[in-house]
Each structure stands twice: as C-alpha cells, then as structure tokens.
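Data first, discussion second: the structure below is written as structure tokens.
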Amino acid sequence: MVSAAGRPRPASAPVTTAGPTLRTLQRCYLVGQRVKLRGSGFTPQVPYDIALSGVDFGQSLTDANGDLAASLIPGGLGAGQIQSVDALSASDGTHRAATRFTLTRSTGALFGPGGGTSPRRRVPFRVWDLAPQGPPVRVYLHYVRPSGRPGPSVALGTTTGQCGTVAVTRPLFAFTPGPGTWTLQFDTQARYRPRPAGKVARLGVVVG
C-alpha cells in the first residue's frame with residue numbers, strides 16, 4: 001500500500017487472539033482440600049461447565065470479561081493409592097481449556113518387601129508430599145538408633161512431580177544395624193534433627 005505522499009505505509013501487524021486458559025491456584029492438593037481454579041479468555045457472560053477427569057462438576061456463568069472462578073473438592077484416593085494426577089477442564093460450548101493437578105495423601109513414606117530378610121536387602125522406597133508447590137529438593141534418610149541417638153544419614157534422592165515425591169530402590173539399611181526398633185526419618189535437612197524444619201515422615205523398623 002502507498003500513502004498519498006508516495007511513501008509505502010508499514011504493514012499492520014496481524015491481530016492474534018489468545019485462546020482460553022485454565023489454572024489451579026496450587027499444583028498439589030491434599031485429599032479433602034478444596035481445589036480453586038481460575039480461567040480467562042472465554043465468552044463473556046455465558047454458562048460454562050467444569051469437568052474433573054471426565055466427571056461433570058456443574059455449571060456457572062463467566063463474568064463480563066470472559067473470566068471464571070470456581071472451586072471443587074475432588075473425590076478421595078483408592079485404598080493403597082498415594083497420589084493421582086487429575087485432569088480438569090472448562091468449556092463454554094465454544095471455547096475449552098484444560099489443566100492438571102496432583103491429589104495426594106498427607107506426608108508419608110513406605111518401603112516394599114524387597115528380596116530376602118536381611119536388614120541390608122534392597123527395597124523400593126517411596127516418600128511423598130515433602131516439598132509441594134516448590135522447586136525440587138533433595139530428601140535425606142536419617143537412621144535413629146533404638147536408644148534415640150542419631151545414626152548415619154544418607155541422601156535418598158531429589159523430589160519430582162507436583163507434590164514432591166521420591167521413588168528409589170536402595171538398601172533398607174546402609175550398614176549392619178543392631179537389634180531393636182530403629183526409626184527411619186525422611187526430611188529435607190542434610191543433618192539429622194529431631195524436629196527438622198519443613199515436612200517430615202518417619203517409619204519404625206524392628207531388627208531382630
């Protein structure tokens with residue numbers, strides 16, 4: 001295109017419209033905790049539906065800007081289930097957006113049977129909900145003697161996922177333990193403390 005003065009006019013930038021978005025206010029939620037969500041870019045003042053993993057959670061209206069705000073309480077976890085990653089979606093019939101969050105049990109740890117009966121046998125460890133919402137952190141395993149005195153400490157692994165989970169297979173004990181009930185303490189502190197900062201999980205292990 002040429003202007004009246006004979007100089008070319010700059011081409012107009014193409015107009016792009018962002019699609020709708022949906023997000024939860026947290027990435028990780030405990031069982032029974034209310035999940036809060038926010039959306040934008042939908043058609044203004046029309047009904048929208050919320051669905052969680054394909055289950056309809058009801059309908060409401062977008063506001064004059066095409067935004068939405070809602071909350072819901074997901075169903076619980078099955079027996080033996082520690083966490084689930086749930087898909088959340090919102091649709092106004094024309095536009096649709098989706099997101100995911102993780103539902104978890106409160107902070108805990110467990111280990112599997114492994115092979116054999118030796119205290120030093122390799123077993124699968126799993127620790128969860130140690131660092132939700134934040135960046136990955138290193139998790140440590142502290143061995144506490146039956147007397148209550150601290151024993152060795154080892155680095156267990158680095159958290160992954162939205163709820164700060166560690167899954168690793170390693171020896172149940174990193175040494176030959178004496179008899180009695182040992183406490184295995186899992187936290188994010190490199191040195192053992194009876195009351196560490198942050199979340200902590202503990203397991204009791206009887207050595208015969």
Separation between CZ of Phe57 and CG of Leu72, rounded to the nearest 0.5 Å: 5.0 Å
From CZ (Arg38) to OG1 (Thr24), nearest 0.5 Å: 10.5 Å
Full working for side-chain contact (heavy atoms from CB on, under 4.5 Å) between Val35 and Ile73: CA-CA 6 Å; Val35 175; Ile73 299 178; over 6 Å; no
Taking every non-hydrogen atom, the tightest pair across Arg105 and Asp129: O-CB, 3.8 Å
Asp86 with Arg100: basic N within carboxylate O range, under 4.0 Å: no
Heavy-atom side-chain contact between Val137 and Thr158 under 4.5 Å: no
Same apolar cluster: Val139 and Val144, side chain cutoff 4.5 Å: no
Leu88 and Leu37, any side-chain heavy atoms less than 4.5 Å apart: yes
Pairwise side-chain contact, Ser89 with Arg96, heavy-atom cut-off 4.5 Å (strictly under): yes
Trp128 side chain to Ser106 backbone, donor-acceptor under 3.5 Å: yes
Intermediate values then yes/no, side-chain contact (heavy atoms from CB on, under 4.5 Å), Leu68 and Phe42: CA-CA 8 Å; Leu68 62 86; Phe42 293 88; 3.6 Å; yes
Any donor-acceptor pair under 3.5 Å from Gln189 side chain to Arg191 backbone: no
Minimum heavy-atom distance between Ala155 and Arg170, given as atom pair plus value: O-NH1, 4.3 Å
Derivation and outcome, side chain to side chain donor-acceptor pair (under 3.5 Å), residues Thr165 and Thr160: CA-CA 5 Å; Thr165 301; Thr160 61; 5.9 Å; no
Student check: side-chain heavy atoms of Val200 and Arg202 closer than 4.5 Å: yes
side-chain contact (heavy atoms from CB on, under 4.5 Å) between His142 and Arg193, intermediate numbers included: CA-CA 9 Å; His142 308 284; Arg193 294 182 176 86; over 6 Å; no
Ring centers of Phe101, Tyr29 separated by less than 6.0 Å: yes
Side-chain touch Leu172/Arg120, heavy atoms, less than 4.5 angstrom: no
Short side-chain to backbone donor-acceptor contact, Gln162 and Thr102, under 3.5 Å: yes
Phe175 ring center near Tyr143 ring center (under 6.0 Å): yes
Value rounded to 0.5 Å, distance of CD in Gln81 from CG in Leu103: 8.0 Å
side-chain contact (heavy atoms from CB on, under 4.5 Å) evaluation trace for Val154 with Tyr140: CA-CA 6 Å; Val154 297; Tyr140 296 88; over 6 Å; no
Nearest heavy-atom neighbours spanning Ala190 and Ser153: O-CB, 4.2 Å
Exercise: do Thr43 and Asp92 side chains pair donor with acceptor under 3.5 Å: yes
Exercise: identify the closest heavy-atom pair between Val31 and Gly76: CG1-CA, 4.1 Å
Value rounded to 0.5 Å, distance of OG1 in Thr62 from NE2 in His95: 10.5 Å
Side chains of Leu130 and Val166 in contact at under 4.5 Å (non-hydrogen atoms): no
Considering all heavy atoms, the nearest Pro44-Ala64 contact: CB-O, 3.3 Å
Heavy-atom side-chain contact between Tyr48 and Val46 under 4.5 Å: no
Distance, nearest 0.5 Å, that separates OG1 of Thr183 from CZ of Arg145: 12.5 Å
Joint hydrophobic cluster, Phe186 plus Val123, side-chain heavy atoms closer than 4.5 Å: yes
Nearest-0.5 Å distance, CG of residue Leu77 to CD of residue Gln83: 8.5 Å
Test side chain to side chain donor-acceptor pair (under 3.5 Å) applied to Arg34 and Ser71, step by step: CA-CA 6 Å; Arg34 184 171 291 275; Ser71 66; 3.3 Å; yes
Least distance between heavy atoms, Pro177 atom then Pro119 atom: CG-CB, 3.7 Å
Leu110 side chain reached by Ile82 side chain, heavy atoms, under 4.5 Å: yes
Hydrophobic cluster membership, Leu25 vs Leu30, 4.5 Å side-chain cutoff: no
Plane angle bin for Phe125 and Phe111 - parallel if under 30°, tilted between 30 and 60°, otherwise perpendicular: tilted
